[in-house]
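Before any comments, here is the structure.
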Amino acid sequence: MQFHNTLTGQKEAFVPLDPNRVTMYVCGPTVYSFAHIGNYRPPVVFDTLARVLRRRYPSVVYARNITDIDDKINAAAAREGVDIGVITSRYAAAYHEDLASLGVAPTDAEPKVTEHIPQIISMIERLIGSGHAYAAEGHVLFHTLSFADYGRLSKRDEQSLMAGARVEVAPYKRHAGDFVLWKPSSDDQPGWASPWGRGRPGWHIECSAMSEAVLGDSIDIHGGGHDLIFPHHENEIAQSVCAHGGATYARYWLHNGFVNVNHEKMSKSLGNVLLVRDLLKTLPGEVIRLVLLTGHYRQPLDWTDEVASDARKKLDRLYGALRDLADVVPATGVTAPDAFVAALEDDLNTPMALAELFELVRSANKAQSVDDKARLKAQLLDAGALLGILQQDPIAWFSQQPAGSALSAEQIEQQLEARSAARKARQWAESDRIRDELAAQGVIIEDSAQGTRWRYA
RNA sequence: GGCUGCGUGGCAGAACGGUCAUGCAGAGGACUGCAAAUCCUCGUACGUCGGUUCGACUCCGGCCGCAGCCUCCA
C-alpha cells in the first residue's frame, strides 16, 4: 500500500506504526449550517480508504471529529437566540443523515470538542510547561518560534510566513505567527473555566487534543481537505509534537482536492453553494458518492450536471450487470480482483479501480457458465463494497422514481401488461404505441427472453 | 510576490519511457418483430518550445495558461 504524503510531497509505502492497530484521524465539520458537497468529499474519500485499510489490517481505528464550539456556531446561536447546543445538535444530525445517504459508514470514534475541554486544557498546560506556549491577556498562544519544524508540512519558511501575515498582529503576540490555543469568553459567550480564566479553545487545539485522547500520541494517517494544510494542520503538528516531547504526530498526511461547481469555486457570493441536502432531492446518494470517487482524491473535482448524470449512467451499467445475475448465487470466498484492490491500495486510485470494475462488468455480461457468473457476481459485489456502492438490490436501483416522474411503478406495470398482451397477439403497432407513450414519460422498456423489464430514464 | 499542484481525445478521467485505460456521447456491425439492454469494431488525445533517449504524453529545463493556500474555509 502506498500514499502520497503531503509531508514529503512523495508517494511512500505505507507502514503502520502498529499493524495490529492502524489509526486514522480526519478533520470533521464545524456544525453551524448544512454542509455542502465539498464538505462531503473528505468523509467519502476517507470512508473508502478506511474500507481498504480494514481489508488489509485486522484493526483500524478511524476517528472523525465534530467541532461543536466555534465563533460561527456562536454567531448562529446568537442569531436564533438559542443555546449553541441547539445549533450543533441540529446540524450534526443533518450531517449524519447526509453521510448515511452517501453510504458513509460510521467511524470508530466521533469526538466532540465540548466533550474534551479538560483534555484541551491539559494539553495547553503541558505546552506552557514546556515553554511552547504562553499566556497573555486572557489568551494562551502557541509560540511558533519554539518549534523548529514549524512550516514543514506547508513548506513555508519563516520569511514567507511573516510576509503572508495579512491579518493585523494582536499586541499580545510575541511573534506574528503565534496562534491562539485558548481565548477569553465574554459573559454572553459560551465558555469554560480554565487556569487562564473563563474562555474557549482556539481553532486548532481541539484536533490535537481529541486525536491524543482517542487515538494516542502518534497516529498513522491524518486526512482532511487541501485547504487545511495551512494553518490548521501545520498548527496541529506544532501542538502535538511539542506536547508529546517531540514524538511524531501523524506519519502520513493525506489531503483531498476541492470541489468546484461549474468550473467555479463554490462561494456564497456566487450563489453556487451546493448543499448535499438539496442534491439528494433529485439524485440518489449513491450517484453523489460515485461522483466524488470519479476523480482521484487529490485532484480538484468539478461538479456539473453532466458529471452527475454520467455517474448515474455508470451505476445503471453496473447495476444492469448485477440485474442480469439476479438468479445467480455469488461464489463464496471470492473477493474483488487483485488489480482492483491494487488500484485502491496505490494512493486510493479510484478512477483506475473503477476502470477495473467496468472490465469486470464486461466479463460478467459475457459470462456463460454458472461458475463464471457466480465468481464474477461475487467479485462485483465485493469490489462495490470496497467503494461503498452497489449494495442495493438492482431492481430497487432501477425502480427509484425520479423526482420529476409522474408514473409510479404500479402504473408502469399496468401498462406493461397491456403491452405484453398486444405483443403476444403480434400487434406491434399497439405494442410500440405503449412503449413510445412510456418513453415520453421517462420510462425505458427492455424486452428480453425472460420477459419485459423497465427502468426510469 | 512565496509555496503547492494542474494542463490528456466531443465530455469526464487514469496509467505508463516503446502495447487497449475506463465511462458517457458518436460511427459501423451482431442480436431484436422494431427497439432497449448486451456483445464486437472504430475514431491517429496528450498546452507550447527545447533537451535527455534508439524511442517521451510519460524524465529534465524554459515559456504560456489555470487552480488552491499564504492565519475564521473540506
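Throughout, a chain's letter reflects where its sequence line sits, starting with A, and its residues are numbered from 1. Keep in mind the model is a prediction, meaning the values are calculated, not measured.
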Looking only at the side chain of [X] (C-beta and beyond, no hydrogens), which of the listed nucleotides [options] gets closest?
| X | options | answer |
| --- | --- | --- |
| A:K72 | B:A74, B:A12, B:C72 | B:C72 |
| A:H36 | B:U71, B:A25, B:A74 | B:A74 |
| A:D447 | B:A37, B:G33, B:C39 | B:G33 |

[N]: pairing nucleotide in any strand, Watson-Crick or G-U under 3.5 angstrom:
| N | result |
| --- | --- |
| B:A30 | B:U38 |
| B:G9 | none |
| B:C69 | B:G2 |

[atom1]-based separation of [M] from [N] [nearest Å]:
| N | M | atom1 | value |
| --- | --- | --- | --- |
| B:G23 | B:U41 | P | 12 Å |
| B:A21 | B:C40 | P | 15 Å |
| B:U48 | B:C57 | P | 11 Å |
| B:A15 | B:U8 | P | 14 Å |

### Task
Tell me, yes or no, whether the heavy-atom count around A:E417 atom CD, taken from other residues, nucleotides or ligands under 6.0 Å, exceeds 12.
no
Using a heavy-atom cut-off of 4.0 Å across all strands, would you classify [X] as base, sugar-phosphate, or nothing?
| X | result |
| --- | --- |
| A:Q299 | sugar-phosphate |
| A:H204 | nothing |
| A:F258 | base |

What is the distance, to the nearest angstrom, from the [atom1] atom on [X] to the [atom2] atom on [N]?
| X | N | atom1 | atom2 | value |
| --- | --- | --- | --- | --- |
| A:W303 | B:G13 | CH2 | P | 13 Å |
| A:L387 | B:G23 | CG | C1' | 14 Å |
| A:E437 | B:A35 | CD | P | 21 Å |
| A:K314 | B:A25 | NZ | C1' | 13 Å |
| A:H255 | B:A74 | NE2 | C1' | 10 Å |
| A:L153 | B:C69 | CG | C1' | 12 Å |
| A:L354 | B:U22 | CG | P | 13 Å |
| A:L301 | B:A67 | CG | C1' | 14 Å |

### Message
With a 3.5 Å cut-off and heavy atoms only, can you find an N or O donor on one side and an acceptor on the other between the side chain of A:R423 and the base of B:G33?
### Response
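Side chain to base: pair present.
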### Query
Quick one: does A:R435 reach the base of B:A35 with a side-chain donor-acceptor pair under 3.5 Å?
yes
### Query
Can we say A:R453 and A:D447 salt-bridge, meaning some charged N sits less than 4.0 Å from an Asp/Glu carboxylate O?
no
### Task
Please determine if A:R419 and A:E430 form a salt bridge, counting it only when a charged side-chain N lies under 4.0 Å from a carboxylate O.
no
### Message
Would you say A:R317 places a side-chain N or O within less than 4.0 Å of OP1 or OP2 belonging to B:U38?
### Response
yes
